[in-house]
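A quick note: this is a predicted structure, and the numbers were derived from the prediction, not measured.
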Amino acid sequence: QVQLVEAGGGLVQAGGSMRLSCAASGRIFSSYAMGWFRQAPGKEREFVAVISRTGGSTTYADSVKGRFIISRDNTKNTVYLQMNNLKPEDTAVYYCAAGTYSRIDKTYEYWGQGTQVTVSS
């Protein structure tokens, strides 16, 4: 079992930056790829980014490529999402997840409770 707790959400103006973190406890953190997903009101949950177990590989959604950076620290059992040049369309609840290296949410076994990110124009 893996427990995931996100932190770092809030309100930011367009063009600003924010860093989300996701702390894991339970089974070995480094056994899992870690992903970030988001869900805006009235929309389906969508893939944002994923990082491999060692951190050597990353993949991003086209909508965030060049603005967001995913990273992880296996010594701290934590994954991060650095979000730069934020846009109002980035407003959503952001979720971290543990599972396989994939863009598909169904391949992830464990999910955090989510943290709200709101970008004002």
Peer 1: Can you tell if the side chain of Glu109 reaches within under 4.5 Å of the side chain of Val2, non-hydrogen atoms only?
Peer 2: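 No, every pair of side-chain atoms sits at 4.5 Å or beyond.
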Peer 1: Do Ile104 and Phe47 have side-chain heavy atoms sitting under 4.5 Å apart?
Peer 2: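 In short, these two side chains do not touch, never coming nearer than 4.5 Å.
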Peer 1: Could you tell me whether the side chain of Leu11 reaches within less than 4.5 Å of the side chain of Gln116, counting heavy atoms only?
Peer 2: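 They are not in contact (no side-chain heavy atoms under 4.5 Å apart), so the answer is no.
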Peer 1: Any side-chain heavy atom of Ser120 sitting closer than 4.5 Å to one from Gln13?
Peer 2: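 In short, these two side chains touch, coming nearer than 4.5 Å.
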Peer 1: Atom CG of Asn85 and atom OG of Ser17: how far apart are they, to the nearest 0.5 Å?
Peer 2: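 OG of Ser17 is found 8.0 Å from CG of Asn85.
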Peer 1: Using a 3.5 Å distance criterion without hydrogens, assess whether the side chain of Arg72 forms a donor-acceptor pair with backbone atoms of Ser52.
Peer 2: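 Here the side-chain-to-backbone pair exists.
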Peer 1: Taking side chain to side chain donor-acceptor pair (under 3.5 Å) as the definition, give me every residue that meets it alongside Asp90, ordered by chain and number, with sequence neighbours left out.
Peer 2: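 For Asp90 the side chain to side chain donor-acceptor pair (under 3.5 Å) partners, ignoring immediate neighbours, are Arg38, Arg67.
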Peer 1: To the nearest 0.5 Å, how far apart are CD1 in Ile70 and SG in Cys22?
Peer 2: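 The CD1 atom of Ile70 sits 9.5 Å away from the SG atom of Cys22.
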Peer 1: Out of curiosity, Asn74 CG to Met34 CE, how far, rounded to the nearest 0.5 Å?
Peer 2: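 One gets 9.5 Å once the value is rounded to the nearest 0.5 Å.
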Peer 1: Do Gln1 and Tyr110 have side chains that approach each other closer than 4.5 Å (heavy atoms only, starting at C-beta)?
Peer 2: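 Of all side-chain heavy-atom pairs linking Tyr110 with Gln1, at least one is under 4.5 Å.
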Peer 1: Looking at Ala98 and Leu4, what are the two nearest heavy atoms and their distance?
Peer 2: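 Closest approach of Ala98 to Leu4, heavy atoms only: N-CD1, 3.8 Å.
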Peer 1: Is there a path of hydrophobic side-chain contacts, each under 4.5 Å between heavy atoms of I, L, V, M, F, W or Y residues, that connects Tyr60 with Met83?
Peer 2: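 They do share one cluster, since a chain of ILVMFWY contacts under 4.5 Å joins Tyr60 to Met83.
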Peer 1: Between Tyr101 and Thr58 (side chain of the first, backbone of the second, donor and acceptor by atom type, cut-off under 3.5 Å), is there such a pair?
Peer 2: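 Yes, because the side chain of Tyr101 sits within donor-acceptor range (under 3.5 Å) of the backbone of Thr58.
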Peer 1: Between Ile51 and Val64, is there shared hydrophobic-cluster membership here, with clusters defined by ILVMFWY side-chain heavy atoms closer than 4.5 Å?
Peer 2: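 Yes: a chain of side-chain contacts under 4.5 Å links Ile51 to Val64.
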Peer 1: Any non-hydrogen side-chain atom of Trp36 less than 4.5 Å from a side-chain atom of Phe68?
Peer 2: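 With C-beta onward as the side chain, the pair stays apart.
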Peer 1: Going from CD on Gln82 to OG on Ser21, what distance comes out if it is rounded to the nearest 0.5 angstrom?
Peer 2: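 Gln82 CD to Ser21 OG: 11.0 Å, rounded to 0.5 Å.
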Peer 1: Can you find a pair of side-chain heavy atoms, one from Glu6 and one from Leu20, that are under 4.5 Å apart?
Peer 2: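 They are not in contact (no side-chain heavy atoms under 4.5 Å apart), so the answer is no.
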Peer 1: Side-chain heavy atoms nearer than 4.5 Å, only ILVMFWY residues, links allowed to pass through others: does that put Val93 and Tyr108 together?
Peer 2: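 Linked within one cluster.
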Peer 1: Compare every heavy atom of Ser121 with every heavy atom of Ala14, then report the nearest pair and how far apart it is.
Peer 2: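 Closest heavy-atom pair between Ala14 and Ser121: CB-CA, 4.3 Å.
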Peer 1: Taking all non-hydrogen atoms of both residues, which atom of Leu81 and which atom of Ala49 are closest, and how far apart?
Peer 2: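 Nearest pair, atom of Leu81 first, then Ala49: CD1-CB, 4.4 Å.
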Peer 1: For Val12, enumerate each residue passing the side-chain contact (heavy atoms from CB on, under 4.5 Å) test, keeping only those at least two apart in sequence or located in another chain.
Peer 2: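 Partners of Val12 under the side-chain contact (heavy atoms from CB on, under 4.5 Å) test: Met18, Leu86, Val119.
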Peer 1: Looking only at heavy atoms, which two atoms of Ala40 and Ala92 are closest? And how far apart?
Peer 2: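 Answer, listing the atom of Ala40 first, then Ala92: N-CB, 3.8 Å.
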Peer 1: For Thr100, does its backbone N or O pair with a side-chain atom of Ser102 as donor and acceptor, under 3.5 Å?
Peer 2: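 Pair absent, no side-chain N/O of Ser102 close to backbone of Thr100.
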Peer 1: Using a 4.5 Å cut-off on heavy atoms from C-beta on, say whether the side chain of Val79 contacts that of Tyr32.
Peer 2: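 Side-chain contact under 4.5 Å: no.
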Peer 1: If only atom types and distance count, is the side chain of Tyr95 paired as donor or acceptor with the main-chain N or O of Gln39 below 3.5 Å?
Peer 2: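 No, the answer is negative, given that no donor and acceptor are paired below the 3.5 Å cut-off.
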Peer 1: Classify the angle between the aromatic ring planes of Trp111 and Phe37 as parallel (below 30°), tilted (30 to 60°) or perpendicular (above 60°).
Peer 2: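 The rings of Trp111 and Phe37 sit tilted, inter-plane angle from 30° to 60°.
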